[in-house]
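First the structure, in the form of structure tokens, and then the observations on it.
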2 protein chains.
Amino acid sequence: MRWDIIELLFFAYRDFVGDADNELEAFGFGRAHHRVLHFVHRYPGLKVADLLDVLRITKQSLGRVLKQLLDEGYIVQRTGNNDRRQRLLYATAKGEALVGRLAGLQTDRINRALGGIGSDGADSVRKFLRAMIDHDDPDKVLATILETGGATAKDKDKA
Amino acid sequence: MRWDIIELLFFAYRDFVGDADNELEAFGFGRAHHRVLHFVHRYPGLKVADLLDVLRITKQSLGRVLKQLLDEGYIVQRTGNNDRRQRLLYATAKGEALVGRLAGLQTDRINRALGGIGSDGADSVRKFLRAMIDHDDPDKVLATILETGGATAKDKDKA
DNA sequence: AAGATATGTCAATATGGCTGACATAAACTT
DNA sequence: AAGTTTATGTCAGCCATATTGACATATCTT
């Protein structure tokens with residue numbers, strides 16, 4: 001039994017998401033909002049169904065949170081060009097700023113943690129995390145990540 | 001920005017906890033039950049306040065779940081010897097069996113993921129996860145983990 | 001004895017998720 | 001053109017898990 005990793009994962013993830021939680025509270029948002037905004041920002045033009053797939057939630061659940069983000073100007077939606085039924089989702093500048101802020105906190109934590117294990121170690125972590133994920137039947141976003149090793153068009157801000 | 005690790009962590013943790021979730025459903029339990037049972041099993045003799053600290057929840061939240069686990073025979077509580085106000089918590093054989101089952105699933109996933117990175121890589125993962133955790137003001141369990149590097153008396157079943 | 005602490009309970013509320021049902025608009029198929 | 005399917009949205013009720021506030025009893029400490 002790998003109790004060591006099981007428990008480290010619990011505490012690590014708790015603190016990792018805790019960074020954002022504290023910040024989100026000020027906006028009256030929670031984790032669900034963060035997730036939606038994150039993926040909309042990182043994968044602009046996602047349709048609603050894509051997001052449901054990624055997050056593995058129902059449209060009612062998504063609707064609740066998405067509506068708030070739309071109403072408050074963090075996300076805009078556009079009708080699809082090829083299929084006018086679709087609603088393609090994009091983060092606004094306001095939304096990007098918020099995602100950036102949250103990701104900054106999380107990145108700080110990650111960089112501190114990576115700081116002690118060198119680039120080979122960082123490689124191992126990426127390999128490990130990647131291998132922890134089920135690869136069968138990936139949603140659109142995960143498929144993108146798995147086929148690019150994590151590098152995407154939106155990674156230009158990896159400064 | 002470490003978008004790569006941020007996203008890998010999201011999906012990895014989702015799938016990691018998903019293993020247990022599916023199994024828990026059959027018992028009419030959820031994540032909260034799993035967490036409680038896990039720590040009670042791994043750190044027998046925890047008092048209620050310790051558990052509140054570890055899980056960072058209120059006694060009302062804990063009470064709901066703990067009561068179910070007590071009523072259904074997964075956990076027993078004993079009055080403290082030095083302080084009769086305390087309720088020390090222990091997993092029953094039934095409780096241990098369930099934890100073992102859940103941890104087995106998670107361990108399989110972890111071992112598969114570790115299988116690709118060798119023992120140096122595994123070391124790096126442990127160091128990384130450990131460094132991802134806030135070390136200030138640790139609760140009783142985390143303090144134990146941090147000072148022993150994850151090896152505890154209950155690790156004899158690391159077969 | 002007075003004050004502090006460990007635990008437990010009641011009650012109302014919040015976040016985020018679910019199921020079922022229904023609706024409209026748009027696209028596809030016949 | 002009509003019928004069928006699909007993309008999205010909404011209403012409603014319920015659930016899991018967590019919170020806050022208040023209060024209570026038993027036990028320990030001063």
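Basis for what follows: all heavy atoms, side chains included, without hydrogens, waters or symmetry-related copies.
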B:Leu55 CG to D:dA16 C1': how many Å, rounded?
15 Å
Shortest side-chain distance from B:Asp83, nucleotide among D:dT20, C:dG8, D:dC28:
D:dC28
Rounding to 0.5 Å, atoms CD1 (B:Ile145) and CG (B:Asp139) come to a distance of 8.0 Å
Would you kindly give the NZ-to-C1' distance between A:Lys67 and C:dT15, to the nearest whole Å?
18 Å
B:Arg109 to B:Phe16 six-membered ring, cation-pi geometry met (6.0 Å, 45°)
no
If the cut-off is 4.0 Å, is A:Ser61 near the phosphate of C:dG16, judged by side-chain N/O to OP1 or OP2?
no
D:dA18 phosphate, OP1 or OP2: any side-chain N/O from B:Thr58 under 4.0 angstrom?
no
Whole-Å distance, B:Leu37 CG to D:dT17 P, equals 13 Å
Between atom CG in B:Leu89 and atom C1' in C:dT7, what is the gap in whole Å?
11 Å
Whole angstrom is fine here: how far is it from CG in B:Leu66 over to P in D:dA18?
13 Å
Is B:Arg64 near enough to D:dA18 that one of its side-chain N or O atoms lies under 4.0 angstrom from OP1 or OP2?
no
Residue whose closest nucleotide on DNA chain C lies nearer the 5' end, A:Arg84 versus A:Gly28:
A:Gly28
Round to a whole Å and report the spacing from CG of B:Leu62 to P of C:dT9.
11 Å
Take A:Asn81 and A:Lys59, find for each the nucleotide of DNA chain C with the closest heavy atom, and name the residue whose nucleotide sits nearer the 5' end.
A:Lys59
Heavy atoms only, 4.0 Å cut-off, all strands: where does B:Gly30 land among base, sugar-phosphate and nothing?
sugar-phosphate
A:Phe128 and B:Phe128: aromatic ring centres closer than 6.0 Å?
no
Atom CG of B:Asp21 and atom C1' of D:dT17: how far apart are they, to the nearest Å?
13 Å
Using a 4.0 Å heavy-atom cut-off across all strands, classify B:Asn82 as base, sugar-phosphate, or nothing.
sugar-phosphate
Rounded distance (Å) that lies between atom P of D:dT6 and atom CZ of A:Arg87:
18 Å
On the side chain of A:Gln60, is there an atom forming a donor-acceptor pair with the base of C:dG20 - under 3.5 Å, no angle test?
yes
Just checking B:Lys94: does its NZ atom have more than 12 heavy atoms from other residues, nucleotides or ligands closer to it than 6.0 angstrom?
yes
Counting side-chain heavy atoms from C-beta on, which of D:dT17, C:dT7, D:dA18 comes nearest to B:His33?
D:dT17
Run the salt-bridge test on B:Asp108 and B:Arg112 with the 4.0 Å N-O cut-off and return the result as yes or no.
no
Report which part of the nucleic acid A:Gln77 touches: base, sugar-phosphate, or nothing (heavy-atom distance under 4.0 Å, all strands).
sugar-phosphate
For B:Arg56, is there an ion pair with A:Asp15 - N to carboxylate O distance below 4.0 angstrom?
yes
Do B:Arg85 and C:dA6 have a side chain to base donor-acceptor pair shorter than 3.5 Å?
no
Closest approach to the side chain of B:Val48, judged atom by atom: which nucleotide of C:dG16, C:dG8, D:dA18 is it?
C:dG8
